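As the structure lists them, so they are numbered: ligands from 1, and atoms in each ligand from 1. What you see is a predicted model; the values in this text were computed from it and never measured.
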Amino acid sequence: MENINPTQTKSWKKLSDHFKAVEKLQMKDLFKKEENRGSEFSIQWEDFYLDYSKNRITTETKSLLLELVKECKLDKAIESYFGGEAINQTEGRPVLHTALRAKENKTVNVEGENVLPEVQEVKAKIKAFSNEVIDGSRKGYTGKKFTDVVNIGIGGSDLGPVMVTESLQYYQNHLKVHYISNVDGDHVHQAIQDLNPETTLFIIVSKSFTTQETLSNSTTIRSWFMKTAPEEAVSKHFVAVSSNVEKVEEFGIASENIFPMWDWVGGRFSLWSAVGLSISLAVGYSNFDAMLQGAQKMDEHFKNSDYSENIPVQLALISIWYNNFCNAESEAVIPYSQYLHRLPAYLQQAIMESNGKSVDRNGDKVDYQTGTIIWGEPGTNSQHAFFQLIHQGTKLIPADFIGFKHPLFQDKDHHDKLMANYFAQTEALLQGKTEGEVRSELEGKSLSTEEIEKLLPFKVFDGNKPTNSILIEKLTPESLGKLVAMYEHKIFVQGVIWNIFSYDQWGVELGKQLASKILAEIENNSVENHDSSTKNMLKFFLK
Ligand code: F6P
């Protein structure tokens, strides 16, 4: 990958000038002028329909952004990404979550060796294990079938699996899957109190197997388990997913109970690996595999489509436009499906841990904005919570609206209402409501002229608020796989253009180091040298 400062490219300068020229444009005027805007700024691919016409962009914006992509050499970067080059340079690793869903007959080399046979081997292990637990042939230590599965992990070892399990709840079998991530003991004890140790399977998921939260939670849970179960029962009830086999064995888990993963799978992109074991248990291996196949299709679309018709590329470019030229501070993700309620949280890690960087690939401090702040909640709930600010607040918040054409329970009445809101909100955000419109609406009510004039400014909507609409046929394992891979590639494109390393996460280390130092002080009841704020609080805590 080449290290190109995007702000030094010709297209960046052109985009800055172009911004001044289009800054005042109103999207609704563009719609009036451009009859085919809706179709020209949209992409239809398989069961996906992306409409990005409700954005503050013109045909020229689009072509300048495409020039930027060329100048930043996205082509070459994509080759390096899929080809297994060590593009995570600060950790010296390739970034190959795409290999986890690659077709079996392909070759993906890491240091000259094809990794796909090993990937297939682990998939076969996931499949066999999931089938046995689901059909009840694998039993707990007293001979009872498993009823509950607990995933113990944090960050990428939790957020991906929990998001997918929730999203695919409709496809779930009889197993109840629980997630324990926080080191908060109250949560751990609350979560285990209703579990039956005889029928519960625990999956300890930690790529490094050094994560404080996961190891503490696992130790507490194992002690709780052993209050009623004999030592030899552990091997029937505890399995682990990790790339650190030695540490897992030290913890007391036998090698046959370890599902391996590899250095070249980043934590936040690992749900496609054995980290997704809880997904496979919850919905069955065939659904897990269908999700992988969906992601694989999105990989092909991303690799092979012309950038002007490329969903992840277009989304990445629009986001760069707002972040770097229009000064937007954040982006909202609003799924119109309750099933996707953990998607924003999952994307927060995927996007912010990846692109929240302020040093470029040359090691220099950047003087432009990088990683976007991501937040969101499902519609329609969010409409009754924070949409006020999106409609009438002072901040520019581009939003992705994700919706499905068909509901899963065939309740047409509910789905029509849900989707009417989906369509209405993006239209309302686009059109707004003018003073004239508000006035004539108020005139229809029995209000005096004075009352009308007083109320009027509060009821005006400026409109011109940008949205992308991602409309998908139906929420299935396959379409979910496509959706998640779409965001993964959006992250990649943005990292390439911002000239940052998207696949390390050094920013999480300092807090961890200080926490272990402070923990020792708390345990020894001796507060050492800190700023007066921290010192006072520690003293108050220890009193
Ligand atoms: O928060 C930092 C982080 O390293 C994440 O990147 C990762 O997903 C998480 O911790 C958990 O790490 P592990 O799987 O090694 O326990």
Side-chain angles (χ1 to χ4, degrees), residues 87-97 100 122 126 150-165 179-184 187-188 202-222 238-251 253 257-279 342-357 371 373-374 484 487-488 491-492 495 500-516 519:
I87 61 168
N88 176 357
Q89 286 180 24
T90 63
E91 294 181 328
R93 296 170 188 165
V95 176
L96 276 176
H97 43 277
L100 299 167
V122 177
I126 297 171
V150 179
N151 187 93
I152 311 166
I154 196 164
S157 299
D158 166 75
L159 285 163
V162 77
M163 179 276 289
V164 173
T165 307
Y179 289 87
I180 296 181
S181 49
N182 200 334
V183 75
D184 179 356
H187 174 61
V188 179
F202 298 94
I203 314 173
I204 308 175
V205 186
S206 176
K207 181 181 170 187
S208 59
F209 223 79
T210 56
T211 305
Q212 184 203 49
E213 291 88 339
T214 304
L215 295 187
S216 305
N217 291 344
S218 302
T219 306
T220 302
I221 288 171
R222 190 178 52 186
F238 285 80
V239 299
V241 180
S242 184
S243 60
N244 193 345
V245 173
E246 209 181 302
K247 283 259 180 243
V248 182
E249 284 177 346
E250 254 173 53
F251 186 84
I253 292 183
N257 286 341
I258 303 174
F259 292 77
M261 59 186 292
W262 307 271
D263 247 7
W264 42 262
V265 183
R268 54 194 174 272
F269 302 99
S270 64
L271 66 89
W272 323 96
S273 71
V275 168
L277 183 60
S278 60
I279 303 171
R342 293 296 285 162
L343 182 68
Y346 163 77
L347 290 175
Q348 282 176 332
Q349 188 202 15
I351 295 173
M352 300 206 273
E353 199 167 86
S354 299
N355 285 338
K357 313 285 165 65
I373 299 166
I374 297 295
V484 176
Y487 278 110
E488 287 180 344
I491 293 166
F492 169 78
I500 52 175
F501 288 122
S502 299
Y503 299 99
D504 58 19
Q505 54 286 315
W506 300 110
V508 301
E509 294 304 321
L510 178 60
K512 284 188 200 171
Q513 280 168 7
L514 287 188
S516 60
L519 178 60

Out of [options], who is nearest to [atom] when you count heavy atoms only?
atom                    : options                        : answer
atom 13 (P) of ligand 1 : Thr211, Asp158, Thr210         : Thr211
atom 8 (O) of ligand 1  : Gly267, Gly156, Ser243, Gly153 : Gly156
atom 6 (O) of ligand 1  : Gln505, Glu353, Arg268, Lys207 : Glu353

Rounded to the nearest 0.5 angstrom, the CZ-OG distance for Phe251 and Ser218 is 4.5 Å
Indicate yes or no: at least one non-hydrogen side-chain atom of Asn355 is less than 4.5 angstrom from one of Ile500. yes
Given Asp504 and Thr90, is the side chain to side chain donor-acceptor pair (under 3.5 Å) satisfied, shown in steps? CA-CA 7 Å; Asp504 58 19; Thr90 63; 2.4 Å; yes
Can you tell me which residue and heavy atom of the protein come closest to [atom], and the distance to 0.1 Å?
atom                    : value
atom 10 (O) of ligand 1 : Lys512 NZ, 4.5 Å
atom 15 (O) of ligand 1 : Ser208 OG, 2.6 Å
atom 2 (C) of ligand 1  : Val508 CG2, 3.5 Å
atom 11 (C) of ligand 1 : Ile154 O, 3.2 Å

With a 6.0 Å cut-off on ring centres, are Tyr487 and Tyr346 close enough? no
Please check: side-chain N/O of Asn217 versus main-chain N/O of Ser181, any donor-acceptor pairing under 3.5 Å? yes
Taking only heavy atoms of Ser206 into account, list the atoms of ligand 1 that are under 4.0 Å away from them.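 Within the 4.0 Å cut-off of Ser206, ligand 1 contributes 13 (P), 14 (O), 15 (O), 16 (O).
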Look at ligand 1 and say whether Glu213 reaches it with a heavy atom at a distance under 4.0 Å.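 Contact absent.
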Can you say whether the rings of Phe238 and Phe202 are parallel (under 30°), tilted (30 to 60°) or perpendicular (over 60°)? parallel
With respect to Arg342, which candidate in Leu159, Thr165, Val164 satisfies the side-chain contact (heavy atoms from CB on, under 4.5 Å) definition? Leu159
